[in-house]
Amino acid sequence: MAGAQLTDLEKDRVIEMAWEDRTTFEAIQLQFGLKEQEVIDLMRAELKPSSFRMWRARVQGRKTKHEKLRNFTEGRFKCTMQRQINNNKISKR
């Protein structure tokens, strides 16, 4: 699924996930079918240039954004206020 085919709600969710430190690019690909470069392209298109540069500086080289670079497999933190996501659908609280 390319970025142009995503709904506005899906784009917002991808952007939110991309900003989260512990959400990997692999998780975004699993849910939305976007590879890392496609996420970068979406962020470049949807964010202001200054916000995009800030995001790129933040995620570039960040181990938590890539599953293979992580040094932990269990014990992931999940906020109790975080919504449940099942098959790309966000359930209400």
dist I28:CD1 -> E16:CD (nearest 0.5 Å) comes out at 10.5 Å
Could you go through F32 and L42, starting from their C-alpha distance and side-chain angles, then the distance that decides it, and tell me whether this counts as side-chain contact (heavy atoms from CB on, under 4.5 Å)? CA-CA 12 Å; F32 296 97; L42 176 72; over 6 Å; no
Report yes or no: does W55 contribute a side-chain atom to a donor-acceptor pair with the main-chain N or O of A18 at less than 3.5 Å? yes
Using every non-hydrogen atom in the two residues, find where F52 and M43 come nearest and quote the distance to one decimal. CD1-C, 3.7 Å
Reported CD1-to-CD distance for the pair I40 and E36, which is rounded to 0.5 angstrom: 4.5 Å
How long is the straight-line distance from NZ of K35 back to CG of D41, given to the nearest 0.5 Å? 12.0 Å
Find the distance between CD (Q5) and CD (E10) and round it off to the nearest 0.5 Å. 10.0 Å
Result of checking R58, M54, R53, Q60 against R56 for side-chain contact (heavy atoms from CB on, under 4.5 Å): Q60
Ionic contact status for R13 with E46, cut-off 4.0 Å: no
